Amino acid sequence: MPKTAAPLQYKRVLVKVSGEAMMGSNPFGIDETTIAAIAKDLTDAVDAGGEICCVVGGGNIFRGISLATHGMNRTAADHIGMLATVMNGLALHAAIEANGKHARVMSAIPMQSVCEAFSRDKAIYHMKKGRVVIFVAGIGNPYFTTDTTAVLRAAEMDCHAVIKATQVDGVYSADPKKDPTAKRYDTLTYQEALEKHLKVMDATAIALARDAHMPLIVCKITQEGGITGVLNGTAKFSVVTDA
Ligand code: UDP
């Protein structure tokens, strides 16, 4: 039952949780305190009336490209990368359930004794039941990233936006930590993001978002109000859209 009656600006959203976000201040792996905070942020958004799904990355454990550059077959390396995302998804699921809330993990690579296989209809059913749906194993194919997966799944799920939580409160013309003159954008177009090589998501993901007319929201992971603040429009964020 929603705690607030205020209408939400975005109701059904997909949150991209990068592997990096899961490692906290550690150099790699999963930080339990960090993951518990992410879990709470997601379920708070459900309690506020949101329908929440997420795509988890795997870069905190493994990136296919890193072994591929050392000579491993890229497809094999990417399969390992996708399995890394499964570990992160299971950890996030456990953190949500430990908090007395509900979530389901759905994998693009079926592994029936571990989690559910991806199904659009079932994912929507779970979200409507107030469960956080965690998509793992990317899209199940090598040569893709979890950014692209995030946009693809958001489009399939009829989400109102993809939320990418980062270290900064929006899209900047340069890294604001290194360049004090960096300009922050409240809104920008997909074309601008692509042409100016702004660090929103990778180019394939941005191009797919443009084709699917899927708004991309960039916000700060530790912001006050969390994901709920994006849903009800009280948080600070940048939006990448058509116009
Ligand atoms: N990956 C893949 N296909 C997909 C999604 C991911 O092969 O559809 C692999 C790829 O090797 C990638 C790794 O999984 O490096 C982890 O994903 P990503 O690098 O996107 O994670 P993040 O940067 O979000 O932590």
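All figures in this text were calculated on a predicted structure; none of them were measured in a lab. Atoms within a ligand are numbered from 1 in the order they appear, just like the ligands themselves.
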Looking at [atom], what's its closest protein heavy atom, distance included?
atom: atom 21 (O) of ligand 1; answer: G58 N, 3.0 Å
atom: atom 18 (P) of ligand 1; answer: T146 OG1, 3.4 Å
atom: atom 14 (O) of ligand 1; answer: G81 C, 3.1 Å
atom: atom 15 (O) of ligand 1; answer: G64 N, 3.2 Å

Q: Flag yes if more than 12 heavy atoms outside Q191 fall under 6.0 Å of its CD atom; otherwise flag no.
A: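 Yes, CD of Q191 has more than 12 neighbouring heavy atoms, counting only those of other groups under 6.0 Å.
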
Q. Once you round to the nearest 0.5 Å, how far does CD1 of I227 lie from SG of C54?
A.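 The CD1 atom of I227 sits 9.5 Å away from the SG atom of C54.
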
Q. Nearest 0.5 Å, what's the NZ-OG1 distance between K16 and T149?
A.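 One finds 8.0 Å between NZ of K16 and OG1 of T149.
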
Check [X] against [Y] and note the closest heavy-atom contact, atom names and distance.
X: V56; Y: L92; value: CG1-CD2, 3.9 Å
X: M214; Y: H160; value: SD-C, 4.2 Å
X: V133; Y: A123; value: CG2-O, 3.5 Å

Q.
Salt bridge check, R184 against D169: does any charged N sit closer than 4.0 Å to a carboxylate O?
A.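 Salt bridge between D169 and R184, a charged N being under 4.0 Å from a carboxylate O: yes.
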
Q: Flag the pair D158 and K11 as a salt bridge only when some basic side-chain nitrogen lies within less than 4.0 angstrom of an acidic carboxylate oxygen.
A: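 A salt bridge is absent here (no side-chain N lies under 4.0 Å from a carboxylate O).
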
Tell me the nearest of [options] to [atom], using heavy-atom distances.
atom: atom 24 (O) of ligand 1; options: K16, M82, E20; answer: K16
atom: atom 3 (N) of ligand 1; options: I139, V136, N141, D78; answer: N141
atom: atom 5 (C) of ligand 1; options: G140, A21, G138; answer: G138

(Q) If hydrophobic clusters are built by linking Ile, Leu, Val, Met, Phe, Trp and Tyr wherever their side-chain heavy atoms come under 4.5 Å apart, do L216 and I221 end up in the same one? (A)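 No, no single cluster joins them.
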
Give the atoms of ligand 1, by number and element, whose distance to some non-hydrogen atom of [X] is under 4.0 Å.
X: G19; answer: 22 (P), 24 (O), 25 (O)
X: G57; answer: 21 (O), 22 (P), 24 (O), 25 (O)
X: G59; answer: 21 (O), 22 (P), 25 (O)
X: S18; answer: 24 (O), 25 (O)
X: T145; answer: 5 (C), 20 (O)

So, regarding [X] and ligand 1 (criterion: nitrogen or oxygen to nitrogen or oxygen, under 3.5 Å), is there a contact or not?
X: F144; result: yes
X: R63; result: yes
X: A137; result: no

Q.
Any non-hydrogen side-chain atom of F135 less than 4.5 Å from a side-chain atom of L14?
A.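 Contact flag for F135/L14 side chains = yes.
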
Q) Would you call P142 a ligand 1 contact, heavy-atom distance under 4.0 Å? A)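 Per 4.0 Å heavy-atom rule, P142 contacts ligand 1.
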
